Structure formats: C-alpha cells, structure tokens
Amino acid sequence: MKNKIIILYESLLLKYNPQGWWPLLDLHDSKIGSNPTKTGSIRGYHPKDYSYPKTEKQKFEICIGAILTQNTSWPNVEKALMNLKKKDLIDAKKLSKISQTKLSLLIKPSGYFNQKSKKLIIFSKFYQSLNGKTPSREELLSVWGIGLETADSILLYAYKVPTFVVDAYTRRTLSSMNLMKDYMTYDEIKLLFEKNIKKDYRIYQEYHALIVENEKRIKPRIKK
DNA sequence: TTCCAGGCAATAC
DNA sequence: GTATTGCATGGA
C-alpha cells in the first residue's frame, strides 16, 4: 500500500495538472508560458517541461526571484523582475556593483526593498564566486538573507538538486491532513517528504508547486 | 480599512 | 534554544 505522502502527491497532480514552476519572464518557446488553470499570475510557467533553467541568465533569475518572493506575493515579485529586466540587470556581475539606493527603487514593488536590495547585492557577489558550480546547502545558508526555504528553492529550481522545499503552505497542508505535528521543525518536515519519495528533482519541483496551488485555492484563510 | 502574501535576521526572553 | 518584532508593497 502506498504511503500518504505519495497518495497526496498523486491526488494533487490529478486535480491540478503539472504546474510548470519556476516561472520565468521569458521562455524560449512562446507557445507555452501560460496556465489558465492556475491562480494568480499565469505568466512564465512551463508545465511538463522540467528542463528549465536553460540558460545562465534564467538560473540567476530564479535565484533572485527566490529572494524577492520572501513573504511576498508573486505578482509583486514579477513587477520587480520586470523593472530589472528592462535595464538588463538580471545579471550577477551588474547587480554586484549597483548602488543599493538605485536597486531599492527598482525592486520597490516587491516590498521590504531596503532589506532585499542588500540581499540581492550580497547574493550576486556570492553567485559570482561560485564560477558556475552548484553551491552546497550550507554555503547558501551562510549567505546573509538566505534562509532555509530560500536555500532549498534555489537548489531545487535553479540547480535541479532534489531537496524538498518547505513553506507555510506545506505546513498548512500537512497539518490539516494530520500528517505532521505542529512542533515539527523545518528539516523534520523536509525529511518526511524526502524519505517517502524517490529523489527526483522533477517530482520535488512539482509537489511543492502543487501544494502552493492547492492552498491558494482554499478560500477562508486560517489565521496564522 | 484591514488583512495577508511562495521569510529572514535581529532582538528579547 | 524558542518567541517576538521590523521590514513594505499591492491586491482582495
């Protein structure tokens, strides 16, 4: 008999179909990039295509998107990313040297702009120091502004490392289904998924996206 | 108007 | 070690 973690995945996938995370501003194939079944922004998704990011620029875009979306809705992040793209600033070398004041203004729509501009500049320097190599989770966590969820999001969606992303939605889902205890830590919940699912980055990417989609559709929000 | 969103670091206890 | 607080915009 299949365990509940796998059954939940299969039922969410059946209900919502592949989500096409992580959204990117520009996809090479213009036919895809929209998903009318999705809540919120429908831009930049690529259902059933797990080959993204295809370019170095897209990889970096995912990294800074992961930072910009900290406690922030995606449409707001998209506005900030568009501002950066217009000036061709989705580029580690350029962002590592930009003035923080200037960057704050550009990313203003994403909120917390003074903190996030600092985070982006620090991260850009770190990113350059990698010289294209995949960072370890510990390395990412040592960077100011990168916490557990952001580190795992970057690894999973930018670097295709099969590490499970836990967020508020994940907790809400598991908790409502009595699959976890409220006192469980981030890493305990992460392991709950990782020990029950084979380490395939495509499944981890899809599962996390499905959890987010499912919770977004639950109308009466349970208070924190 | 109030509430909240794909968290994090700093501070308080 | 765990709990609380500041950060900020835009949409519902």
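Please read all numbers here as calculations on a predicted model, not as lab measurements. Every chain is numbered from 1 and lettered A, B, ... according to where its sequence line falls, protein lines coming before strand lines.
- Taking Glu139(A) as the reference, Lys133(A) meet the salt bridge (charged side-chain N to carboxylate O under 4.0 Å, His left out) condition, with sequence neighbours excluded.
- Against DNA chain C, the stretch residues 84-91 of chain A makes no heavy-atom approach under 4.0 Å.
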Report summary line: Going 5' to 3' through nucleotides 6-11 of chain C and flagging B where a protein heavy-atom sits under 4.0 Å of the base, S where only the sugar-phosphate is that close, and - otherwise, we get BBBBSS
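- Judged as a side chain to side chain donor-acceptor pair (under 3.5 Å), and not counting sequence neighbours, the contacts of Gln70(A) are Lys119(A), Thr150(A).
- Taking atom C1' in both dG11(C) and dC8(B), the straight-line distance is 23 Å, to the nearest Å.
- Looking at residues two or more places apart in sequence or on another chain, you find a side chain to side chain donor-acceptor pair (under 3.5 Å) between Thr163(A) and Asp152(A), Lys190(A).
- We find that CZ of Arg171(A) is positioned 17 Å from C1' of dA5(B), with the value rounded to whole Å.
- Within residues 184-208 of chain A, no residue has a heavy atom under 4.0 Å from DNA chain B.
- Near DNA chain B, defined here as any heavy-atom distance below 4.0 Å, the residues from residues 139-167 of chain A are Val143(A), Trp144(A), Gly145(A), Ile146(A), Gly147(A), Leu148(A), Glu149(A), Thr150(A), Asp167(A), listed numerically.
- In the model, Asp187(A) has no side-chain atom that pairs as donor or acceptor with a side-chain atom of Thr185(A) under 3.5 Å.
- Per the geometry, CH2 belonging to Trp74(A) stands 18 Å off P belonging to dA12(C), to the nearest Å.
- Every residue was checked against the salt bridge (charged side-chain N to carboxylate O under 4.0 Å, His left out) condition with Asp167(A), not counting sequence neighbours, and none meets it.
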Tell me which donor-acceptor pairs under 3.5 Å the side chains of residues 107-114 of chain A have, and how far apart each pair is, sequence neighbours excluded?
| unit_1 | atom_1 | unit_2 | atom_2 | d |
| --- | --- | --- | --- | --- |
| Ser110(A) | OG | Ile107(A) | O | 2.9 |
| Tyr112(A) | OH | Asn71(A) | ND2 | 2.9 |

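- By the side chain to side chain donor-acceptor pair (under 3.5 Å) test, Tyr50(A) pairs with Glu206(A), sequence neighbours left out.
- Taking atom CD of Glu215(A) as the reference point, atom P of dA5(B) lies 11 Å away to the nearest angstrom.
- With sequence neighbours left out, the salt bridge (charged side-chain N to carboxylate O under 4.0 Å, His left out) criterion links Lys85(A) to Asp26(A).
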Query raised in the report: What's the verdict on ring pair (Phe, Tyr, Trp, His ring centres under 6.0 Å) for Tyr207(A) and Phe164(A), showing C-alpha distance, side-chain angles and the deciding distance?
Result: CA-CA 9 Å; Tyr207(A) 204 159; Phe164(A) 207 88; 5.5 Å; yes
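- The distance between atom CD1 of Ile218(A) and atom P of dA5(B), rounded to the nearest whole Å, is 12 Å.
- Atom NZ in Lys119(A) sits roughly 12 Å away from atom C1' in dA10(B) (whole-Å rounding).
- There is a side-chain donor-acceptor pair under 3.5 Å between Ser104(A) and Ser117(A).
- Taking the six-membered ring for Trp, Tyr201(A) and Tyr159(A) have ring centres at least 6.0 Å apart.
- Residues meeting the side chain to side chain donor-acceptor pair (under 3.5 Å) test with Asn214(A), sequence neighbours left out: Tyr16(A).
- The distance between atom CZ of Phe123(A) and atom P of dA9(B), rounded to the nearest whole Å, is 13 Å.
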